[in-house]
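Lettering of chains follows the sequences in order, A, B, ..., and the numbering in each one begins at 1. Keep in mind that the numbers below use all heavy atoms, side chains included, and drop hydrogens, waters and symmetry copies.
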There are 2 protein chains.
Amino acid sequence: MAAGSGKSNGEDSGTDTSVPQVEVRTLADLARVAGVSAGTVSRALAGKSLVNTETRERIQALARQYGFRPNQMASKLRSRRTGVIGVVIPLGHEKRQSISDPFFLTLLGQLADQLTESGYDLMLSRAIPDGTTDWLERITGSGMVDGVLVIGQSDQSEIIDRVAAHYRPLVVWGNHREGQVHCVVGTDNEHGGRLSAEHLIASGARRLAFLGDTTGIEIAMRRRGAAAAAQDAGLPLTHIPVALANAEMGPQIKAALAMPDLDYDGIVCASDLIAMSALRVLYETGRAVPDDTQIVGFDDLPLAAQTMPPLTTIRQEIGDGARVMVEKLKSRIEGEDTSSLAMAPTLIVRRTTLR
Amino acid sequence: MAAGSGKSNGEDSGTDTSVPQVEVRTLADLARVAGVSAGTVSRALAGKSLVNTETRERIQALARQYGFRPNQMASKLRSRRTGVIGVVIPLGHEKRQSISDPFFLTLLGQLADQLTESGYDLMLSRAIPDGTTDWLERITGSGMVDGVLVIGQSDQSEIIDRVAAHYRPLVVWGNHREGQVHCVVGTDNEHGGRLSAEHLIASGARRLAFLGDTTGIEIAMRRRGAAAAAQDAGLPLTHIPVALANAEMGPQIKAALAMPDLDYDGIVCASDLIAMSALRVLYETGRAVPDDTQIVGFDDLPLAAQTMPPLTTIRQEIGDGARVMVEKLKSRIEGEDTSSLAMAPTLIVRRTTLR
DNA sequence: TTGAAAGCGCTAACAC
DNA sequence: GTGTTAGCGCTTTCAA
């Protein structure tokens, strides 16, 4: 409430309820009004115990009355703790693109929840990697954040490693790799890709394709898993590198699949989004799913259950992921060390596969 | 790059390329190394013209070499300008819920792009309104941000108004209403609702329903527009208040629509998400869309074109919206006044309606 | 063109 | 318990 608003403050010790016109913008101002020192006000507002309960309450009431809020910049500067976590989404290989991948957006939402719950604010940065560590160090080195969360390694794994070597409070969503310095939380993408292809094969598919650009390591691993499964079965797997989440995706998928004599009967998709697009293209060209062509997605977005037919997909536990990332980050802020975590993906069988 | 890394810096004036082990964390540190004063370093790094070009370049090179970055908190405190915009999503009536509405998430992504482009950082807050202005004033009054963007008024219009009365740099996404103090950018929801119902009626629907909770004013206006159109045509419009974007949505829609003798032949949906869910329920119960029941969504998310059949919907120009919000906010930060804007929605006819 | 000095508003020792 | 003091690291007059 603004100074002068109707907040009558019943506890006030008998004085006029209207608030005088003094501007209270600083601790010192409030201290003057309260007849104490700035230090006491600071302690009272911070709820520190070393302050007389009565004065504390009086000061807090006064603060409310005048709509006073301590300046965070000053507070943070002095206490060398910002209470802010930086969240970065590297736009990596998909330049000029906006943050549009629904998986990342959902992860972002979950991270916002978790961070809020832990009392942190979230500073969001869109970063366009440029071959140097700069896009990340602009954030880690800014003095603005207590820690940094990176959403998606894309193809920046080495660069992130370089920063992680001297900046500890950093946790990344992505794919763990042997010898990687930075702490990664993510899905076991290779296993996910394998599950996907294995299920298609078990359902009778024999001519497999993988749909999705593999510049980012996460997707590359999904493909690798799928390829391994195909090889184990002595089957081919064609790679069709379509864009992951931008305007080109649709047309590219169309170009790849919209032929009446389509040769694939099993498609491993890099994401649910791609799968949905593929589903649509196949439908338009008169291919029946799953009878002519079977499809498996990746992510298990809420929408995956809503497609027609509902999508068989590989589930990533995104809520758990966010929780773990924030936990690990908090540990790292405390100076502890944390290990990476690859969470097991699960196959969710719906109706775009025969079984 | 960390101090001591391989950055050899060819321009260095003939000294050893290895960087000495002095810690350079502050302007003063760098000033000492450069043999100048802190003030000069500050000016040089800010690219101010009043500094000798040569010294400026020397200092900038040094800064790069030592991986020095000015502490933002200090800078912001001193310059009384944070370069940060707060973005708040009030979780309003859908308590205990996480940020999951894809429309808001997409808007958020667009805002991130626009703000980045304008040189601002974005501080994201999830807010749980509590009947007071507190959830908003915690942000506006924190001294952490130069301005605030609110995504979705929900049912908080009056409370936002109260804050806007004394906090100028505030722009809200939502529905404009007569006499509203705060600056709102959004779609003309009432008109959108009207378009939706009119199209259903023109396509032959006679027993209309509106699907969606109307606690938030945006949705309430959509319904009002639809109701007006129905009334003009002398037709009934039943309101079925289902959740907007959480786990309950699916079951609620199912409960509302999954009856073989369903009486509605035209459904105005509060969002594309609801429409997609409805589509699916109708399909499962054997109702043909659009032949038995016609559906119109709202938002025109990218996914709306991917459903089967593709969704007839009311398009909100979300990219334009974000652009306008940021523009207006910048104006308000400059002290100018800005008026609200209700953008005209457009009907996108696809295949969930008969024409 | 540069240096010196005075804060931005707050917190945390250290006294009393 | 509370006041006093000394900065956190930076920017910006004001002089030189």
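Ser75(B) contributes no side-chain N or O that, together with a main-chain N or O of Asn71(B), makes up a donor-acceptor pair within less than 3.5 Å.
The side chain of Ser79(B) lies closest to dT12(D), out of dT12(D), dC10(C), dG9(D). For Ser75(B), counting side-chain heavy atoms from C-beta on, the closest listed nucleotide (dT11(C), dC10(D), dG9(D)) is dC10(D). Considering only side-chain atoms of Lys48(A), the nucleotide from dA12(C), dC10(C), dT12(D) that sits closest is dA12(C). Distances were taken from every side-chain heavy atom of Arg80(A) (C-beta onward) to each of dT12(D), dC10(C), dG9(D); the shortest belongs to dG9(D).
Computed from coordinates, the Leu45(B) CG to dT12(D) P distance equals 13 Å when rounded to whole Å. In this entry the distance linking CG of Leu77(A) with C1' of dC8(C) reads 9 Å, nearest Å. Summarising the geometry, the separation between NZ on Lys76(A) and C1' on dC10(D) is reported as 17 Å, rounded to the nearest angstrom. The distance from atom CE of Met73(B) to atom P of dT11(C) is 13 Å, rounded to the nearest whole Å. The nearest whole Å value for the distance from the CZ atom in Phe68(B) to the C1' atom in dC10(D) is 9 Å. dC10(D) atom P lies 4 Å from atom CG of Leu27(B), rounded to whole Å.
The pair Arg69(A)-Asp134(B) meets the salt-bridge criterion, since a charged nitrogen lies less than 4.0 angstrom from a carboxylate oxygen.
Side-chain atoms of Arg78(B) and base atoms of dG7(C) include a donor and an acceptor less than 3.5 Å apart.
A donor atom on one side chain and an acceptor atom on the other are not found under 3.5 Å apart for Gln180(B) and Ser340(B). There is a side-chain donor-acceptor pair under 3.5 Å between Trp135(A) and Gln156(A). Residues His176(A) and Gln153(A) have side chains that never bring a donor and an acceptor to within less than 3.5 angstrom of each other. Under 3.5 Å, the side chains of Thr133(A) and Arg162(A) contain no donor-acceptor pair of N or O atoms.
At a non-hydrogen distance threshold of 4.0 Å, Gly39(B) from residues 30-39 of chain B come into contact with DNA chain D. For DNA chain D, the residues of residues 50-57 of chain A within the heavy-atom distance limit of 4.0 Å (strictly under) are Leu50(A), Val51(A), Asn52(A), Thr55(A), sorted by number.
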Show me the side-chain donor-acceptor pairs of residues 118-125 of chain A shorter than 3.5 Å, one per line, residues at least two apart or across chains.
unit_1    : atom_1 : unit_2    : atom_2 : d
Ser118(A) : OG     : Gln114(A) : O      : 3.2
Ser118(A) : OG     : Lys330(A) : NZ     : 3.1

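Between Ser42(B) and the phosphate of dC10(D), there is no side-chain N or O to OP1/OP2 separation shorter than 4.0 Å.
Position along DNA chain C of the nearest nucleotide to Val41(B) versus Ala74(B) favours Val41(B) as the more 5'-ward residue. When each of Asn71(B) and Arg43(B) is assigned the nucleotide of DNA chain D with its nearest heavy atom, Asn71(B) is the one assigned upstream, toward the 5' end.
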Candidate pair Tyr66(B) and Asp29(B), rule side-chain contact (heavy atoms from CB on, under 4.5 Å), full reasoning: CA-CA 10 Å; Tyr66(B) 284 92; Asp29(B) 291 346; over 6 Å; no

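When side chains are defined from C-beta on, Val150(A) does not count as touching Val171(A), because their heavy atoms never get closer than 4.5 Å.
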